[in-house]
Each structure stands twice: as C-alpha cells, then as structure tokens.
Colleague: 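Just dropping this structure here.
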Amino acid sequence: MDFRIYSRKSVYTGKGESIENQVEMCKAYIFSNFAGATEADITVYEDEGFSGKSLDRPQFQQMMKDIKKHKPDCIVCYRLDRISRNVGDFASLIESLNDRDIAFVCIKEKFDTSTPMGKAMMYIASVFAQLERETIAERVRDNMLMLAKMGRWLGGQTPTGYSSEKVQEVIIDGKMKTSCKLKVNEEEMEIVRLIYQKMIAFHSVNGVRKYLASQNIKSRTGKDFSLLGIKEILQNPVYCIADEAARTYFVERDAVVCFDQGDCKDGRGLLSYNKRDYTKGHAPRQSIDKWIIAVGKHKGQIPGTEWVSIQRLFEENKTDGSKPPVMHNDYSLLSGMIYCAKCGSRMFAKRRSNNPKVFDYICSDKMQLNRCDCPNLNGPQMDDMVCEYLMNYENQNSELCQRLEKLKRTIKSAMSEAPRERLEKRIQACDQEINRLVDMLAGEDMNPAVVKRLNDKAAALDAEMQELVRAKKELGTGLDAGEERSIQLDMLVRALAVFKENFASASVYEKRTLIRLIVQKCEWNGRDFDIFIYGE
C-alpha cells in the first residue's frame, strides 16, 4: 500500500489545525480504515506559510511530481481547503487523479472520490471554498476604501522623508481612537526633494544616481541609492500634493479616486492603497487602475504638475512589447563574466563614442558611480586572448581534461556500493537500535528522565527510518547526486572536445554560450587577468 498525506497552513502556529495535528489525524484515519497500513506506507508533504489560493506551493508540487513516478493508492488531507480554495485548480486536480485511478480523501468533510457521491460533494464544497475566498477579498477591498476616505496611514515601513506618529481622535460618544499619520523627517526629505529636482533636470534615473554618489549622499540604510530605490521614490504618490493636476492624472487612468476637487487644498499629500498584489511572490506593483488614491493627513512635497511630468517620462520610456528587450549586446563575448578585483563589481562591455567599432570592458561601479579607478579592458583584444587560451583545452590530453577524468573516476569509486544496499543497511541499523530502546523502556523502575531521553532517541530514529524508507522507495526513479555530477563532468569534457571544431563558425551568441560552458568567471585587477575554469 502507498499513501500520501498533504498538509498546509498559511501561518505558523502550534495550535488547532497545525501541520503536526493535520498529519496525525490523517495517519489515524489511514490506520483505522486500511488494515495492515504502516508508517512505512505513508509519505508526508508539508507546506507551512503558503496560501491556498493557488497550487503553486513547493511541497504540493513535489507531491504531484512524485505521484507521476509512483502511483499511490490514495492521497489524504485533513480538510478540503488545505489543498485549494480555487474551483478551477481543484477541478483539474481531481480530474487528473481520477484519470490515474488515485483516490482522494478529505477526512474532515468525509469526502472520498472513490465513490460517486463523494466526488459530487467534493466539487460542491470546493465551490463554497472559493466563494469564501472571494468574499474575504471583497471585504478587504471595502475596508481599504473606508480607510482611504479617512486618509489613514496603515503602518509598515515609512517612505523616505517621513516617520510615523500616533494621533488620537475623538469619535462617537467621546471615545478616543488611536491611529497613525506620516510626519516629515526634514533631513531625509531634503534628499527626496533633491532627487525630484535632479530627475527633472537629467530626465534619467541613472543620472540622478550618479549625482547622489558623487555627492556621497546615502540612503536611510547608509548605502548608496539603488536605481530601484530612486525609481520607487519618484513613483510614490505619497510625495505628490493633492491638487487638480494629480487628481486628473489618476482619474484618467481609472484609479479609484476618493477625493473631489474641493478637497484639493491645504497642500496635503496623497496616500495610495492596493498598490501591490501581496497574493503573489515578491508583491508586484499592480496597474494604476487597481489603485485606491486618497488625501492623507500628511504634508505633500511635490506639486502635482511636477510629479505627473515625471510619471509621463517613465511612461514614454516604457517598452510597448512590440519588440523583445535587448538582453545582451551583439558584439562582446565576456560581458558580465569579468569581475573587477578592486571592488568586486561585474565589468560590462561599452562601445567607444569616438570609434563605435571598438569596445571596452568597464567596471560597473566605475561606469555608474564614477567611484572605482580600475582601468578599462580593450574588448576585442581580451575576447581574442580568452578564445586562444581556451583552444588549448580542446586536446583530450590537456591538464584540465585529465583532472576531470580523475574526478569522474573518484565519483564512480564512491558509488561502487549500490545506493539501495547502503540504505538497506542503515534501515536495519535503525530498526535494531529502536528494538533495543524498546527493550530498555520495558524494564522496571527506570528513572523518568532516562525514560524521556530514551523516548526522544526512539522518536528521532523512527523519523530517520521513515526518511530512509522513503528514499529507498524513490530510488531508481531518477539519478542520485553522484550520477548527476558524473554526467555534468562528462558533458563538460565533451564541450571542451568540440570547442575548437565548432567555435570558428559559431555566431556571437553561440560563442558566448560555448565559453560559459567552460569558464566560470574572469577577474581583472588593472594588471593581471585571471580565468577560472570549471573543475580547476
């Protein structure tokens, strides 16, 4: 028999429906409903800290990969929404399991897809699970709108130039309510105003960054301002004064604007809600039509006309998707592979203004911040030198090839004992140790502290044995680490063998790929150039 248990919880907790409790209840169900089932028949998958809005969860995806290799008898979970709250995801999952004749059981709702009624009830329950999720999302949005109309700062990391302060307000029946508002930090705000001034003057975020670096102006963390950090400041409505120009900008872009023309007074700044999609990884910025814009209680800094003009600059420079962005230049072979030994930054290719046919490799810290003094490298000469150097490795008798072959022999020697035999020996050793501990625990008049230590040791051994049994079952479905490493080395040897034969006729992009198969990185300190080859 083969059972898979899946458990999930959005937030870590040791109470209620914790991961551990879910697993134990699923195991109890299996043992009581399937005669002869043992711990060795069960594989557990746990996702903690992941929402049920989608199936994009690491352990769930691992379980789906595993059941494609080995078909289990049944997948068991504690409750339906532990799998998914999305009807579409759930329907396709159940259909996939049915096609492979894999039963699916939810012990809380007592649903079992091995029966027609259980299958029908499962679909109905999933509809209500999604309805609950959408209702919660609607309530959150309604709450956002209410808070937006009040102009409240909701907390979190404050924007550069502001700090957060608590204020008390008198509400119904004289009750006091505490909320937060933004307060200007004048020292930081001077930098913010300077960033806006220089953006209007330079029309370039990189130009602003270079200027700040030249003046040794640091961010709140004491580091140089990054391009993304500067762009975030320039695109944040919190600095924009709530005036007619700002209101018109957001109305034209279909944002939910929570203030009228009559509210454009007192020089207050804007607050934006729902600006990022926190249901997705890295919380990407949403399109402006999903934003909620309100007048805050803080003082704005940048007139709407200036703020809007900067947003239009970003919009004009944004690609329309009609052609793919240029990921690499079409003339250099080592751009991004060379590291400056003086500051650790990468070196990138840049054509000379006085002779576009010639290019140099320049330290990015020097190019962007004018701070590193590492000399530039003549690009064509360095590309030719590296290619000539690599040609020496095409000989099968080269030192590198000999080292790689020796490493392959070492790996194969380490794999001489079959992995399955190694696992079997360790499983037997764990089993013997557990039996020995059980015999000791059966003794009379044992000290309670000793009993506890023995129990803990037995539990640890049992957990290890389960992992070993799982590894043994999965053995043979794929390559172990030694086999994978051996194949990688073999591919590298072959790449070296065909390098000279194929290099001359290859395109720039193909040559770049061939070089990256062999060269890990290069370093330049202004005098010496070092090449680091994989395997050396």
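The analysis underlying the following values was restricted to heavy atoms, covering all of them including side chains, and did not include hydrogens, waters or symmetry mates. Numbers here simply count residues along the sequence, with the first being 1. Bear in mind the structure is a predicted one, so any value in this text is a computation, not a measurement.
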Colleague: Using the side-chain contact (heavy atoms from CB on, under 4.5 Å) rule, take Cys258 and Ile292 through it: C-alpha gap first, then chi angles, then the decisive distance, then the call.
Modeller: CA-CA 7 Å; Cys258 298; Ile292 300 171; 3.7 Å; yes
Colleague: Under 6.0 Å between ring centres, would you say that holds for Trp307 and Phe250?
Modeller: yes
Colleague: Is Glu20 paired with Lys9 through a side-chain N to carboxylate O contact shorter than 4.0 Å?
Modeller: no
Colleague: Over 60° means perpendicular and under 30° means parallel, so classify the ring planes of His298 and Tyr162, tilted if in between.
Modeller: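 Judged by the thresholds at 30° and 60°, the geometry between Tyr162 and His298 is perpendicular.
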Colleague: Students often mix this up, so state it plainly: with edges at 30° and 60°, are the rings of Tyr6 and Phe60 parallel, tilted or perpendicular?
Modeller: perpendicular
Colleague: For the pair Glu188 (side chain) and Arg220 (backbone), establish whether a donor and an acceptor sit closer than 3.5 Å, ignoring hydrogens and angles.
Modeller: no
Colleague: Identify the residue among Lys350, Arg351, Arg352 that makes a side chain to side chain donor-acceptor pair (under 3.5 Å) with Asp360.
Modeller: Arg352
Colleague: Using a 6.0 Å cut-off, check whether atom NZ of Lys68 has over 12 heavy atoms from anything other than its own residue.
Modeller: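 It does not: Lys68 NZ has 12 such atoms or fewer within range.
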Colleague: When you measure from the side chain of Tyr239 to the backbone of Arg193, do you find a donor-acceptor pair of N or O atoms at a distance under 3.5 Å?
Modeller: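 The answer is no, because no donor-acceptor pair under 3.5 Å joins these two groups.
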Colleague: For Arg57, does its backbone N or O pair with a side-chain atom of Gln62 as donor and acceptor, under 3.5 Å?
Modeller: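 Absent.
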Colleague: Looking at Leu194, Leu369, Asp224, which hits side-chain contact (heavy atoms from CB on, under 4.5 Å) with Leu212?
Modeller: Leu194
Colleague: Do any N or O atoms from the side chain of Asn185 and from the backbone of Ser163 form a donor-acceptor pair under 3.5 angstrom?
Modeller: no
Colleague: Holding to side chain to side chain contact (heavy atoms under 4.5 Å, CB included), I want the full list of residues that pass it with Glu306, two or more places apart in sequence or in another chain.
Modeller: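 Glu306 satisfies side chain to side chain contact (heavy atoms under 4.5 Å, CB included) with Ile200, Ile302, Pro303 once adjacent residues are dropped.
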Colleague: Count the heavy atoms of every other residue, nucleotide or ligand shown that sit under 6.0 Å from CD of Glu186, and state whether that count exceeds 12.
Modeller: yes
Colleague: Can Arg276 and Glu232 be counted as an ion pair, charged N to O under 4.0 angstrom?
Modeller: yes
Colleague: Checking the side chain of Arg8 only, and the main-chain atoms of Phe50 only, is there a donor and an acceptor separated by less than 3.5 Å?
Modeller: yes
Colleague: With a 4.5 Å heavy-atom cut-off, do Asn378 and Met382 have their side chains touching?
Modeller: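 They are not in contact (no side-chain heavy atoms under 4.5 Å apart), so the answer is no.
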Colleague: Strictly distance-based, threshold 3.5 Å: is any side-chain N or O of Ser345 a donor or acceptor partner for the main-chain N or O of Cys340?
Modeller: no
